[in-house]
Asks: 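I have a structure here, written as structure tokens, and I will follow up with some questions on it.
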There are 2 protein chains.
Amino acid sequence: MRQKSVLPLENNKMTDDTAVEKKSIRADALRNEDALLEAAKEIFAASGVDAPVREIAAKAGVGVGTLYRRFPKRSDLVVGVYKREVDACVTAATEFRTRFSPGEALTHWLKRYCQFIVTKKGLAAALYSGDPAFDALPAYFRANFEPTLQSLLQSAAKAGEIRGDIDAYDLLRAIGNLASVGGTEGAEHTHRMLELMIDGLRFGATTR
Amino acid sequence: MRQKSVLPLENNKMTDDTAVEKKSIRADALRNEDALLEAAKEIFAASGVDAPVREIAAKAGVGVGTLYRRFPKRSDLVVGVYKREVDACVTAATEFRTRFSPGEALTHWLKRYCQFIVTKKGLAAALYSGDPAFDALPAYFRANFEPTLQSLLQSAAKAGEIRGDIDAYDLLRAIGNLASVGGTEGAEHTHRMLELMIDGLRFGATTR
DNA sequence: TTGATAAACGGAACGATGTTCCATATCTGC
DNA sequence: GCAGATATGGAACATCGTTCCGTTTATCAA
């Protein structure tokens, strides 16, 4: 029987690069793959993308052989983790939309997005490593985040909760730049600046 | 007796973070330090800043113990190498100035600077690694390159060989961005674009 | 349910690399 | 030239990436 680890992505859209001819993947293999991505996510956040392979395998409760079977190169793991996180962040948007008003949903999602950015130790390092394996990541980010935010912005604007002249990509970039100031207390600083931006969105909501 | 390896920096300005109380450094130690920086420079350019320590020590003709005595952390070596290269690039400017006309000196130096940028495999990776040891590098680059280029530009403009409305920092950034397109044949592309820019500088030299 | 079969697993083992340590070699000042 | 200080080299140990194969486990048909 499936257990709790199945929550993020019922459809396995990110690992089917070798799909189309495989009939079925064993259930334990699926579970392990998920456990590995979850473990890698936490360890990448804590220690960066150069964390020891053994540590990740141990946290996932599998052997290193299993890790290598699923993710032959480290970049495979990194890409898998970050795509999975992007998907989770996008999924959160639809949840926020059902539970909150358009404006509140937008606010919640921006904070969620911000958290995604801040916790990504080593993401920038990976992106600038020169390894072509990461070339597709930025496009994946934008292709998923931009429509999500676009939609949230439109809904909130239509509801009169924010102004309507904000471009989604601009806002994504701006928050990304905001959060790029690292450091221990950088998270708080980023959070304050984000609140400021959100207030800025609200300002002029009615004044068309 | 000193040998050929002493040419770049007679004054040891980049390794005196622990100075002020040391009386004298043994001559062989100085020679080894220079050999290590020279070896590391070439190996970093060829294989990136993650190249094996043993390889660098071997190329320098010393044991790893000697390397670790002088550069306890890898970042020490990286910073040492790049500061040394900045110094060499700045030194080249004064040489060009004595051997060429102001305009030619400027052209030569821009190509020299461009070569500095292009050959820096792994520099970007180091800068974005998040290691605070590299925080001072960008400032060091600008503090040395901007006045150098500024001066070259002024001389060339005063001699009527180029226009006079070019900002040194803008030009440095522009060339840096030009050269950031990596790849094997990227060097040629960068060179062509650089020639274009230089022609752009010349254009309008007399007009106004 | 059970057994055959393929799939997946785990972790020992190996090689490459980072890092330390100290007996030995070399330099410097006298 | 000598003594003491300084620096060296590379063996030795620790850590990590990666491979390999005997063992375990899931799947499915009977």
Side-chain angles (χ1 to χ4, degrees), chain A residues 1-3 5-6 12 15-16 18-19 21-37 39-40 43-44 46-78 80 122 126 129 131 133, chain B residues 1-3 5-6 12 15-16 18-19 21-37 39-40 43-44 46-78 80 122 126 129 131 133:
Chain A
M1 69 296 280
R2 303 298 198 80
Q3 43 207 42
S5 59
V6 198
N12 51 337
T15 51
D16 58 356
T18 67
E21 84 283 1
K22 282 295 179 78
K23 313 204 144 186
S24 65
I25 299 177
R26 269 172 52 167
D28 55 343
L30 266 183
R31 251 181 294 128
N32 282 332
E33 177 167 324
D34 197 74
L36 278 168
L37 286 171
I43 290 186
F44 284 170
S47 318
V49 291
D50 286 329
V53 171
R54 273 173 245 263
E55 199 179 328
I56 298 171
K59 180 149 206 159
V62 305
V64 287
T66 301
L67 191 159
Y68 272 96
R69 161 181 303 266
R70 210 76 50 194
F71 304 99
K73 291 177 304 181
R74 178 175 292 268
S75 61
D76 296 328
L77 235 195
V78 176
S129 71
D131 189 326
Chain B
M1 70 295 282
R2 302 297 196 79
Q3 43 207 45
S5 59
V6 198
N12 52 337
T15 50
D16 58 355
T18 67
E21 84 283 358
K22 281 296 178 78
K23 312 203 147 192
S24 64
I25 299 176
R26 265 171 54 169
D28 56 342
L30 265 184
R31 251 181 294 129
N32 282 332
E33 177 169 323
D34 196 76
L36 279 168
L37 287 171
I43 290 186
F44 284 171
S47 318
V49 292
D50 287 329
V53 172
R54 273 173 245 263
E55 200 179 327
I56 299 171
K59 181 151 205 157
V62 304
V64 288
T66 301
L67 191 159
Y68 272 95
R69 161 181 300 267
R70 209 79 48 197
F71 304 99
K73 291 178 303 183
R74 177 175 292 267
S75 60
D76 296 328
L77 235 194
V78 177
S129 71
D131 188 327

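This is a predicted model, so every value here is computed, not measured. By convention in this document, chain letters (A, B, ...) are assigned in the order of the sequence lines, proteins followed by strands, and residues within each chain are numbered from 1.
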Asks: If each of B:Arg74 and B:Gly65 is mapped to the nucleotide of DNA chain C with the nearest heavy atom, which maps nearer the 5' terminus, i.e. the 5' end?
Replies: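 The residue mapped nearer the 5' terminus is B:Arg74.
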Asks: Base, backbone or nothing for each nucleotide of nucleotides 25-30 of chain C, written B, S, -, heavy atoms under 4.0 angstrom, 5' to 3'?
Replies: -BSS--
Asks: Rounded to the Å, how far apart are A:Ile43 CD1 and D:dC16 C1'?
Replies: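 It works out to 14 Å between those atoms.
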Asks: Assign B:Val62 to base, sugar-phosphate, or nothing according to its heavy-atom contacts below 4.0 angstrom with the strands shown.
Replies: sugar-phosphate
Asks: How close do A:Ile43 and A:Ala51 get, counting heavy atoms only, and between which atoms?
Replies: CG2-CB, 3.3 Å
Asks: Can you see which heavy atom on B:Val78 is nearest to which on B:Ala126, and at what distance?
Replies: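 Closest pair (atom of B:Val78, atom of B:Ala126, distance): CG1-CB, 4.5 Å.
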Asks: Checking A:Ala46 now: which residues fulfil side chain to side chain contact (heavy atoms under 4.5 Å, CB included) with it, not counting sequence neighbours?
Replies: none
Asks: Rounded to whole angstrom units, what separation is found between the OH atom of A:Tyr68 and the P atom of D:dT19?
Replies: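 One finds 7 Å between P of D:dT19 and OH of A:Tyr68, rounded.
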Asks: My understanding is that only residues two or more places apart in sequence, or in another chain, count here; which of them pass salt bridge (charged side-chain N to carboxylate O under 4.0 Å, His left out) with A:Arg26?
Replies: A:Asp28
Asks: How close do B:Gly122 and B:Val49 get, counting heavy atoms only, and between which atoms?
Replies: O-CG2, 3.8 Å
Asks: Rounded to whole angstrom units, what separation is found between the CG atom of A:Leu36 and the C1' atom of C:dC9?
Replies: 12 Å
Asks: Expressed as a whole number of angstroms, how long is the span from B:Arg69:CZ to C:dC22:C1'?
Replies: 11 Å
Asks: Output yes when at least one side-chain N/O atom of A:Thr66 is less than 4.0 Å from OP1 or OP2 of C:dG10, else no.
Replies: yes
Asks: Testing the basics here: between B:Ala133 and B:Asp131, what is the closest heavy-atom pair and its distance to 0.1 Å?
Replies: N-OD1, 2.7 Å
Asks: What is the distance from CG of B:Leu67 to P of C:dG18, rounded to the nearest Å?
Replies: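 Atom CG in B:Leu67 sits about 10 Å away from atom P in C:dG18.
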Asks: Can you list the residues that meet the side chain to side chain contact (heavy atoms under 4.5 Å, CB included) rule with B:Asp76, with sequence neighbours excluded?
Replies: B:Phe71, B:Pro72, B:Lys73
Asks: Taking DNA chain D as the partner, which of residues 49-60 of chain B come within under 4.0 angstrom of it by heavy atom?
Replies: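 The answer is B:Arg54.
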Asks: Of all residues at least two apart in sequence or in a different chain, which pass the side chain to side chain contact (heavy atoms under 4.5 Å, CB included) check with A:Val64?
Replies: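 Testing A:Val64 for side chain to side chain contact (heavy atoms under 4.5 Å, CB included), a comparison that skips the adjacent residues, returns A:Val53, A:Arg54, A:Ala57.
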Asks: Does C:dC9 have OP1 or OP2 under 4.0 Å away from a side-chain N or O of A:Asn32?
Replies: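 So the side-chain polar atoms of A:Asn32 do come within 4.0 Å of the phosphate oxygens OP1 or OP2 of C:dC9, strictly under.
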Asks: Looking at residues at least two apart in the chain, or sitting in another chain, which of them share a side chain to side chain contact (heavy atoms under 4.5 Å, CB included) with A:Ala60?
Replies: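 Counting only residues at least two positions away or on another chain, A:Ala60 forms a side chain to side chain contact (heavy atoms under 4.5 Å, CB included) with A:Ala35, A:Leu36, A:Ala39, A:Val62.
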Asks: C:dA7 P sits how many Å from A:Arg70 CZ, rounded?
Replies: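 Rounded to the whole Å, the gap is 13 Å.
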